[in-house]
Amino acid sequence: MGSTSKKKKKAPLSLGRKIVLVICMIVFLGSSGVLLDYYINGAREQSALSDLSNMKQQGQDLETEKGTVIAEYAELYKKNNDIIGWITVEDTKIDYPVMQTQDDPEFYLHRSFDKEYAASGTPFMDAASDIFIPTSNFLIYGHNMKNGTMFHDLLKYDDEEFYQEHKTFKFDTIYKGGQGEYQVIAAGYTRIYPKDSTKFKYYQYAGITSEVDFDDYVRGVKALSAYDTGVTAEYGDQLVTLSTCAYHVEEGRFFVVGKRVE
């Protein structure tokens with residue numbers, strides 16, 4: 001004795017549900033396209049900067065009105081004389097030129113070395129820092145790109161184990177006598193505070209020219225550091241501060257401070 005059953009036919013989608021489905025597909029495809037475009041452009045911008053590294057050490061010392069540009073950076077200077085240095089952190093993607101335009105401080109926020117639009121920008125030095133005076137602190141900004149480029153890898157310094165294996169980084173100015181290795185003294189998270197806040201604001205110390213400000217700065221960044229490096233600095237030391245965005249809080253920032261090793 002058997003029994004028979006008929007499969008129920010699926011009810012056709014209503015017009016409203018079809019419209020919602022189409023909209024969802026459009027949004028998904030649009031988002032995927034934007035994301036793909038972001039990574040493609042990021043890879044292109046990173047490749048262009050990597051090509052600049054190959055231009056180093058091609059040439060001879062170049063005499064300029066500001067000083068002698070060493071051979072390693074002479075061709076880059078000829079290509080764009082806004083370059084003032086080069087920053088390198090071993091075992092990261094950080095291996096980039098550093099730009100400065102004091103008359104338009106954030107010019108390279110979203111521009112490539114060739115001055116074309118680039119979402120990732122190019123690392124640049126705060127206008128208040130000056131390699132020719134010099135000030136006691138060179139403050140350098142770079143984007144924290146989700147594709148891992150620019151200063152994204154700075155956040156690795158939140159891990160003390162990474163710090164133990166990378167206690168120094170290199171920052172060269174392009175001019176003779178400006179090449180140096182920097183020993184990390186502090187690294188940590190903070191944020192941009194309202195102007196009326198009394199909180200320590202590391203980003204206001206780009207132009208340190210006094211012992212009082214220097215001591216305040218070192219004390220402030222050491223207090224914010226994720227761990228005690230056991231290393232400090234004294235007035236007369238040259239500092240470099242690397243700064244990038246962080247997303248732990250609104251207007252979050254991450255910084256790494258190093259002092260020049262003589």
Side-chain angles (χ1 to χ4, degrees), residues 84-85 87 89 94 98-110 121 123-146 150-160 162-163 166-169 171 182-260:
I84 52 93
I87 181 71
V89 181
I94 300 172
V98 177
M99 318 301 287
Q100 188 174 50
T101 46
Q102 292 183 330
D103 57 340
D104 187 3
E106 295 187 350
F107 181 83
Y108 285 96
L109 185 66
H110 292 298
F124 63 95
M125 186 177 288
D126 192 288
S129 295
D130 196 321
I131 64 173
F132 297 105
I133 295 178
T135 54
S136 297
N137 183 32
F138 298 146
L139 178 52
I140 301 171
Y141 303 103
H143 283 297
N144 175 2
M145 302 302 290
K146 292 180 181 179
M150 293 298 113
F151 278 7
H152 176 84
D153 282 346
L154 275 189
L155 275 67
K156 290 183 176 182
Y157 273 107
D158 185 46
D159 181 357
E160 188 173 0
F162 180 84
Y163 158 74
H166 304 82
K167 291 185 176 182
T168 64
F169 60 85
F171 173 66
Y182 288 77
Q183 185 176 17
V184 175
I185 69 169
Y189 286 96
T190 184
R191 57 164 297 179
I192 301 295
Y193 289 102
K195 291 182 179 180
D196 59 353
S197 172
T198 59
K199 295 285 189 179
F200 173 73
K201 306 178 183 73
Y202 78 95
Y203 45 87
Q204 291 186 342
Y205 288 80
I208 298 175
T209 56
S210 74
E211 185 172 359
V212 171
D213 286 346
F214 186 93
D215 291 344
D216 285 346
Y217 184 68
V218 172
R219 185 164 46 249
V221 294
K222 293 287 285 181
L224 287 173
S225 187
Y227 41 81
D228 183 5
T229 62
V231 183
T232 189
E234 298 178 352
Y235 188 61
D237 288 332
Q238 180 63 56
L239 303 179
V240 166
T241 299
L242 308 178
S243 173
T244 194
C245 290
Y247 306 110
H248 59 297
V249 295
E250 185 177 359
E251 294 288 354
R253 295 293 186 273
F254 189 84
F255 66 87
V256 176
V257 181
K259 72 171 182 178
R260 186 170 179 175

Ignoring hydrogens and angles, tell me if any N or O in the side chain of [X] forms a donor-acceptor pair with the backbone of [Y] under 3.5 Å.
| X | Y | answer |
| --- | --- | --- |
| T135 | T209 | no |
| D104 | T101 | no |
| E251 | R191 | no |

Any donor-acceptor N or O pair under 3.5 Å, side chains Y141, D126 = yes

Judged by modelled atom types alone, do T229 and K167 share a side-chain donor-acceptor pair under 3.5 Å?
-> no

Could you state the interatomic distance from [atom1] ([X]) to [atom2] ([Y]), rounded to the nearest 0.5 Å?
| X | Y | atom1 | atom2 | value |
| --- | --- | --- | --- | --- |
| Y193 | Y203 | OH | OH | 8.0 Å |
| S225 | F255 | OG | CZ | 6.0 Å |
| C245 | R253 | SG | CZ | 4.0 Å |
| D159 | H166 | CG | NE2 | 10.5 Å |
| F254 | H248 | CZ | NE2 | 9.5 Å |
| M99 | Y108 | CE | OH | 4.0 Å |

Kindly give the heavy-atom pair with the smallest separation between [X] and [Y], and that separation in Å.
| X | Y | result |
| --- | --- | --- |
| S129 | Q100 | O-NE2, 2.9 Å |
| Q102 | A127 | NE2-O, 3.3 Å |
| A233 | K259 | CB-CD, 4.0 Å |
| M150 | M145 | CG-CG, 3.8 Å |
| D213 | S210 | N-OG, 3.2 Å |

Can you find a pair of side-chain heavy atoms, one from [X] and one from [Y], that are under 4.5 Å apart?
| X | Y | answer |
| --- | --- | --- |
| F138 | M125 | yes |
| I94 | F151 | yes |
| V89 | K156 | no |
| L239 | F214 | yes |
| V249 | Y189 | no |
| V231 | V184 | no |

Under 6.0 Å between the ring centres of H143 and H110?
-> yes

Answer with yes or no after comparing the ring centroid distance for Y163 and Y227 against a 6.0 Å cut-off, counting only values under it.
-> yes

V257 pairs by side chain to side chain contact (heavy atoms under 4.5 Å, CB included) with which of L139, T241, L242?
-> T241

Which of D153, L154, I140 passes side chain to side chain contact (heavy atoms under 4.5 Å, CB included) with T244? Answer is L154

Just do the side-chain contact (heavy atoms from CB on, under 4.5 Å) check on Y202 and S243 with the steps written out, would you?
-> CA-CA 9 Å; Y202 78 95; S243 173; 2.5 Å; yes

With side-chain contact (heavy atoms from CB on, under 4.5 Å) as the test, would you mind laying out the steps for F169 and Q183 before giving the verdict?
-> CA-CA 7 Å; F169 60 85; Q183 185 176 17; over 6 Å; no

Would you call the rings of Y217 and F200 parallel, tilted or perpendicular if under 30° counts as parallel and over 60° as perpendicular?
-> tilted

Could you walk me through whether F124 and I84 pass side-chain contact (heavy atoms from CB on, under 4.5 Å), step by step?
-> CA-CA 9 Å; F124 63 95; I84 52 93; over 6 Å; no

